[in-house]
Amino acid sequence: MLEFYFSYRGVLKRLRSGALGGEMDRIAKHFFTLGYKPASAKIYLSRIARFSQFAATRCGPMPIPQDVIDSYLCTFTTDTPRIGAVSALGHARRLAPERFIGSVPSVEDDPDAPLLASFSDYLSRVRGLEPKTREGVLLGGRRFLDWLRHHHPDQELQALTAEHVFAAVEHRLSLSATSATRTAATSHIRTFLRFLYWAGHNDQDLARVVPGTPHWRLAHLPPRLAWDDVRRAIDAVGATTPVDIRDRAVLLLLATTGIRNGELRTIRLQDIDWRTGEVFVRRTKGKRDRVAPLLEETGAALADYILRARPKVDSPYLFLSFTPPVGPFRCASPVSRIVRKRLRHGGVELGRVAGAHLLRHSLATQLVRQRTPINEVADLLGHRSINTTALYVKVAVSQLAEVALPFPGGVA
């Protein structure tokens with residue numbers, strides 16, 4: 001596989017020598033499969049080959065220990081080449097783990113690691129929380145332990161009291177700026193304390209003493225765009241490059257179905273029913289599958305993307321990144337960047353909140369203004385409770401005016 005990137009025999013011989021020489025063809029195939037540009041793949045392969053030569057002089061054919069890697073990285077006097085070497089070695093370690101001796105992390109580095117690992121297992125097995133939700137709750141538990149270690153370094157969990165809990169909650173609330181973050185902070189502490197009681201780390205159910213924080217869900221209007229702005233941004237996307245074709249399909253799917261960022265990233269090719277004009281949305285926020293209607297314009301944009309622009313890689317997912325490694329979007333940021341970029345290109349002024357959810361809010365608002373029954377809006381958005389959808393009724397000012405009672409005594 002190295003011959004795809006290099007042609008000189010001397011270069012090929014050098015690449016296939018050293019401590020990782022036997023793995024270089026497999027590593028080269030890895031870059032080719034993931035869609036790396038030849039220039040980028042050659043840079044990575046050259047960096048790995050230089051380390052391979054260095055490691056061969058230190059440990060020969062034996063597995064490479066961590067101190068050899070550290071010694072090699074110390075040879076760089078500036079940050080840029082060192083960062084590049086770390087990135088290249090990351091690929092080598094993932095593809096050929098048997099050629100490296102993994103460093104065993106010391107428990108002393110993080111004394112709370114075993115407890116937090118048990119807490120994570122509790123959140124997954126007992127509470128059934130999704131990975132993204134677990135991250136936030138785990139962070140809340142770690143912050144509680146950090147506060148306890150800092151203010152009461154010798155305090156045992158078994159001896160925790162209500163006074164400790166009150167002080168920790170007061171500290172977290174002092175760092176929270178909004179009612180939503182205050183509610184989340186107390187909820188995470190409450191969940192962590194329930195775990196301590198459940199796992200036998202404390203004999204008291206201290207979660208009961210965590211005070212509730214006032215949070216009015218319907219106190220604010222949802223961020224939204226005028227539908228003309230959404231339409232203008234979609235129309236401004238060209239159809240000349242594969243990226244343009246993909247981004248237009250992304251915007252149309254978000255704007256016409258109201259699916260969430262995470263739901264869009266998990267859509268597979270087999271989830272589109274072209275005959276019935278529907279898209280199957282898996283594992284939504286409410287842990288339920290649902291079906292969203294696929295409008296003709298959106299279906300045409302998706303078909304154009306699949307036939308003309310989608311990278312030719314073996315992936316079941318619908319939307320793929322064009323930046324190597326080519327594959328599905330692994331997090332929410334790329335989709336949000338696409339939305340922000342295309343909205344700005346369409347001349348839309350954006351506020352603090354500008355991502356896939358902004359299009360979801362805009363669609364729901366438009367449907368309510370068109371007098372779509374609220375239960376149908378809730379079904380489209382995948383809301384379990386119609387009270388969640390009621391937030392959008394607040395923006396239908398003209399409709400609210402029709403049901404408002406006249407002012408007592410007439411107009412002043």
Side-chain angles (χ1 to χ4, degrees), residues 102-220 222 260-262 283-287 331-333 352-353 355 357 384-385 387-388 391:
S103 58
V104 180
S106 174
V107 178
E108 297 179 356
D109 295 338
D110 186 3
D112 297 322
L115 179 63
L116 290 173
S118 178
F119 183 39
S120 177
D121 186 67
Y122 162 82
L123 295 175
S124 175
R125 293 173 174 267
V126 179
R127 296 293 302 276
L129 300 184
E130 294 294 326
K132 193 66 176 179
T133 306
R134 288 204 305 270
E135 289 179 10
V137 183
L138 276 172
L139 180 59
R142 178 175 288 281
R143 285 172 172 171
F144 179 87
L145 292 173
D146 289 343
W147 176 90
L148 188 65
R149 301 282 184 242
H150 180 73
H151 291 85
H152 305 278
D154 299 325
Q155 183 69 47
E156 296 291 336
L157 293 176
Q158 187 65 42
L160 274 179
T161 64
E163 288 76 13
H164 295 125
V165 174
F166 279 130
V169 170
E170 182 180 11
H171 172 72
R172 287 307 313 162
L173 293 181
S174 67
L175 302 177
S176 304
T178 65
S179 61
T181 55
R182 286 191 290 270
T183 300
T186 53
S187 175
H188 295 165
I189 293 176
R190 198 177 291 115
T191 302
F192 182 65
L193 293 174
R194 286 198 187 103
F195 160 73
L196 294 181
Y197 179 65
W198 175 84
H201 295 292
N202 192 283
D203 296 333
Q204 305 179 70
D205 186 8
L206 295 175
R208 296 180 300 176
V209 306
V210 177
T213 53
H215 176 50
W216 296 274
R217 293 182 60 254
L218 302 179
H220 306 285
R260 301 177 179 91
N261 190 319
R283 295 289 294 173
T284 65
K285 185 177 179 181
K287 298 182 180 179
C331 60
S333 298
R352 183 179 60 87
V353 179
H357 229 69
R384 281 190 173 186
S385 172
N387 293 330
T388 305
L391 173 67

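Residues take their numbers from the sequence shown, with the count starting at 1. For the numbers below, each heavy atom of this structure counts, side chains included, while hydrogens, waters and symmetry mates do not.
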Trainee: Could you tell me which residues satisfy side chain to side chain donor-acceptor pair (under 3.5 Å) with D121, sequence neighbours excluded, listed by chain and number?
Mentor: R125
Trainee: Closest approach of A207 and R194, non-hydrogen atoms and distance?
Mentor: CB-CG, 3.5 Å
Trainee: Who passes side-chain contact (heavy atoms from CB on, under 4.5 Å) against T181, sequence neighbours left out?
Mentor: S176, T178
Trainee: If you round to the nearest 0.5 Å, how far is NE2 of H171 from CG of L148?
Mentor: 12.0 Å
Trainee: For E163, what residues pass the side chain to side chain donor-acceptor pair (under 3.5 Å) criterion, not counting sequence neighbours?
Mentor: T161
Trainee: Atom CG of L175 and atom CD of E170: how far apart are they, to the nearest 0.5 Å?
Mentor: 11.0 Å
Trainee: Not counting sequence neighbours, which residues clear salt bridge (charged side-chain N to carboxylate O under 4.0 Å, His left out) with R142? List them please.
Mentor: D110
Trainee: Quick check: do Y197 and Q204 have side-chain heavy atoms less than 4.5 Å from each other?
Mentor: no
Trainee: ring-ring contact (aromatic ring centres under 6.0 Å, His included) with F144: which of F119, F195, F192?
Mentor: F192
Trainee: So how far is it from I189 CD1 to L206 CG, rounded to the nearest 0.5 Å?
Mentor: 12.0 Å
Trainee: Out of curiosity, S120 OG to E135 CD, how far, rounded to the nearest 0.5 Å?
Mentor: 9.5 Å
Trainee: Looking at T186, L123, L129, V210, which hits side chain to side chain contact (heavy atoms under 4.5 Å, CB included) with T191?
Mentor: L123
Trainee: Let me confirm one number: the OH-CG distance from Y122 to L196, rounded to the nearest 0.5 Å.
Mentor: 9.5 Å
Trainee: Is there a side-chain contact between T183 and T213 in this structure, where contact means two heavy atoms from C-beta onward sitting under 4.5 Å apart?
Mentor: yes
Trainee: Tell me, please, which residues at least two apart from R149 pass salt bridge (charged side-chain N to carboxylate O under 4.0 Å, His left out).
Mentor: D112
Trainee: Report yes or no: does H151 contribute a side-chain atom to a donor-acceptor pair with the main-chain N or O of W147 at less than 3.5 Å?
Mentor: yes
Trainee: Rounded to the nearest 0.5 Å, what separation is found between the NE2 atom of H188 and the OG1 atom of T133?
Mentor: 8.5 Å
Trainee: Considering non-hydrogen atoms only, spot the tightest contact between R190 and P211 and give its length.
Mentor: NH2-O, 3.3 Å
Trainee: Could I get the full list of side chain to side chain donor-acceptor pair (under 3.5 Å) partners for Q158, not counting sequence neighbours?
Mentor: D203
Trainee: Any side-chain heavy atom of L115 within less than 4.5 Å of one from H201?
Mentor: yes
Trainee: Evaluate the side-chain proximity of V209 to L193: yes if any heavy-atom separation is below 4.5 Å, no if none is.
Mentor: no
